[in-house]
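Just below is one structure, and these are the notes that go with it.
Chain letters run A, B, ... following the sequence lines, proteins first, then strands; residues in each count from 1. Computed from a prediction, not measured in an experiment: that's the story for all the values here.
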Number of protein chains: 2
Amino acid sequence: MVQTVIPKATAKRLPLYYRYLNFLYNAGKKKVSSTELSEVVKVDSATIRRDFSYFGALGKRGYGYDVETLLNFFKKTLNQDHLTNVALVGVGNLGHALLNYNFQQTNNIRISAAFDVNPEIAGTIQSGVPVYAMDDMVNQLKIQQIDIVILTVPAEDAQAVSEQLIQAGIKGIMNFTPMRISLPANVRVQNVDLANELQTLIYFLDHYSKKDKLHHLQSS
Amino acid sequence: MVQTVIPKATAKRLPLYYRYLNFLYNAGKKKVSSTELSEVVKVDSATIRRDFSYFGALGKRGYGYDVETLLNFFKKTLNQDHLTNVALVGVGNLGHALLNYNFQQTNNIRISAAFDVNPEIAGTIQSGVPVYAMDDMVNQLKIQQIDIVILTVPAEDAQAVSEQLIQAGIKGIMNFTPMRISLPANVRVQNVDLANELQTLIYFLDHYSKKDKLHHLQSS
DNA sequence: CAAAACCTGTTATACTATTAACAAATCATT
DNA sequence: AATGATTTGTTAATAGTATAACAGGTTTTG
Ligand SMILES: NC(=O)c1ccc[n+]([C@@H]2O[C@H](COP(=O)([O-])OP(=O)(O)OC[C@H]3O[C@@H](n4cnc5c(N)ncnc54)[C@H](O)[C@@H]3O)[C@@H](O)[C@H]2O)c1
Ligand SMILES: NC(=O)c1ccc[n+]([C@@H]2O[C@H](COP(=O)([O-])OP(=O)(O)OC[C@H]3O[C@@H](n4cnc5c(N)ncnc54)[C@H](O)[C@@H]3O)[C@@H](O)[C@H]2O)c1
């Protein structure tokens, strides 16, 4: 049953499948069953089969899925067949860590430009990435045709900086600040709220664990 | 309708409500309606009312919610009335950023111990937090009665280190590595998969945005 | 005080996601 | 080639989440 629009929950799992298919491929594995994959990615095998089926019949009954075929399919689907450039705004603590990491490995994503208001950082190169001043931001983003930004500025600057990003025609923001920013509806925001996640983990431990030690407790 | 077990989706929003209630309180606001709160936290007002109602009747019809009362209620519910100590394992790029940040602000959470295999880091103090050698880990975690760990070791060490953490009686792991670790069912894992989130954002931009510019696109 | 405006808590409904179950297809083996 | 073992893709059942709608209250206003 091929569909054009895939459920959000499925879309969120695709990069995970892709990553583990890479592992399997590099380990020389030729085929994989939904049950095997389930064990490594910690997603129910029925969910995996259902997820895959949104893209058509990718497997073979009685056999499983051909690793290479599946890998290539997801590579295209996830835009991993070409490099995606993104920018980072706010080269502080967290920004530096992300710059240095730079999503190397299997992910075909690269932070190709960074921006900071601090004149001591602006104009330098950090972990191989040029850091520009804020005045250059709108212009540079347009020149480099970047439409995704990682936002790691202080909380109090999140809204103002985001509005500048809109001016630059940005389409997606990965927001590491604890603020929920207000933006036009056509801009997608992915909030990465680390303090929230940690507090949620603590809440779960205090309120759920005692009762349901039965379930499999892998969250998110 | 008071309940003992709150839906997972609700639990994940509680820290966000708590954070914004703090903002409102500090801004001198006395009362708040679900509609007002909805605008700042970007959660539907009906969802907010439903979330709150799991804890009983916290508001007053025709009036709204008393900010201070609500704040104090969530403070208790979220264990924010006392300090929670957590540990961090793997003081590299990301580990350093998290150590330095240390969830100051409104969150009553503190990283009180860190661990690393690197003998140059072990034995030092980083951002005010003592870094211990791995040999001391099981012991220190037990002494300090820490049962939550932030895991920022290289991917290939994630599983092995996690198993050591189980020995130390850890109950929750915030896993920043791209690996899905295998653990006993009574240990809760919160995966923070940054590469995954970024790839998902890219996928959403490529496959959803064109069609539904209508919706409000705030994810996660 | 009566009327209008407001806002919660809950009921009803719609949507989204997960999982179990199994027929249909393939593969392995004798 | 027939039997048994696998494993998909899908249907059907269940679970979980979000939102609309509104009755039952509170506050505000004329
Ligand atoms: N560091 C962490 O581990 C961590 C964890 C959770 C959340 N966060 C959030 O991530 C954000 C960044 O955290 P951090 O610890 O890296 O902070 P930081 O203060 O170390 O870095 C912020 C950087 O942004 C720059 N900046 C300030 N105003 C700016 C502006 N208007 N435009 C562009 N750049 C500007 C600063 O010069 C600085 O380099 C914060 O919102 C923080 O709450 C950080
Ligand atoms: N840095 C980022 O921005 C980023 C982003 C996404 C994911 N991650 C993930 O987070 C993890 C850490 O990333 P990083 O960039 O900080 O890596 P890093 O290499 O800078 O740091 C890893 C640290 O772990 C220590 N370590 C190694 N083996 C250990 C062991 N067995 N026990 C204890 N400590 C050990 C190392 O000494 C080092 O200090 C990785 O799994 C990475 O994939 C990082």
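In this view, Asn85(B) and Leu83(B), Arg110(B), Ser112(B), Ile146(B) satisfy the side-chain contact (heavy atoms from CB on, under 4.5 Å) rule, not counting sequence neighbours. Asn72(B) pairs by the side-chain hydrogen bond (donor to acceptor under 3.5 Å, both in side chains) definition with nothing, not counting sequence neighbours. Take Ala46(B) and apply the side-chain contact (heavy atoms from CB on, under 4.5 Å) test, not counting sequence neighbours, and it matches Asp44(B), Arg49(B). Thr10(A) meets the side-chain contact (heavy atoms from CB on, under 4.5 Å) test with Ile6(A), Pro7(A), Arg13(A), Leu14(A), Asp51(A), Tyr54(A); sequence neighbours excluded. Residues meeting the salt bridge (charged side-chain N to carboxylate O under 4.0 Å, His left out) test with Glu36(B), sequence neighbours left out: Lys29(B). Checked against side-chain contact (heavy atoms from CB on, under 4.5 Å), Gln167(B) has the following partners two or more places apart in sequence or in another chain: Val138(B).
At whole-Å resolution of the value, NZ in Lys12(B) and P in dG16(D) are 13 Å apart. If you take CZ of Phe55(B) and C1' of dG9(C), they are 15 Å apart, rounded to a whole angstrom. Atom-to-atom, CG of Leu14(A) to P of dA17(C) comes out at 12 Å; the value is rounded to the nearest Å. The nearest whole Å value for the distance from the CD1 atom in Ile48(B) to the P atom in dT8(C) is 9 Å. To the nearest angstrom, P of dT17(D) lies 18 Å from CZ of Phe52(B).
Applying the ring pair (Phe, Tyr, Trp, His ring centres under 6.0 Å) test to every pair with at least one member in residues 149-174 of chain A, sequence neighbours left out, gives no pairs at all.
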Worksheet item: What string of B, S and - do you get for nucleotides 18-28 of chain C, 5' to 3', when a contact is any protein heavy atom under 4.0 Å?
Response: SBBB-BBBBS-
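Residue Ser34(A) places at least one side-chain N or O under 4.0 Å from the OP1 or OP2 atom of dT8(D).
You'll find the ring centres of Phe52(B) and Phe74(B) inside the 6.0 Å limit.
Residues from residues 65-78 of chain B that place a heavy atom under 4.0 Å from any atom of DNA chain D: there are none.
Contact annotation for Thr35(B): no contact, since no heavy-atom pair falls under 4.0 Å across all strands.
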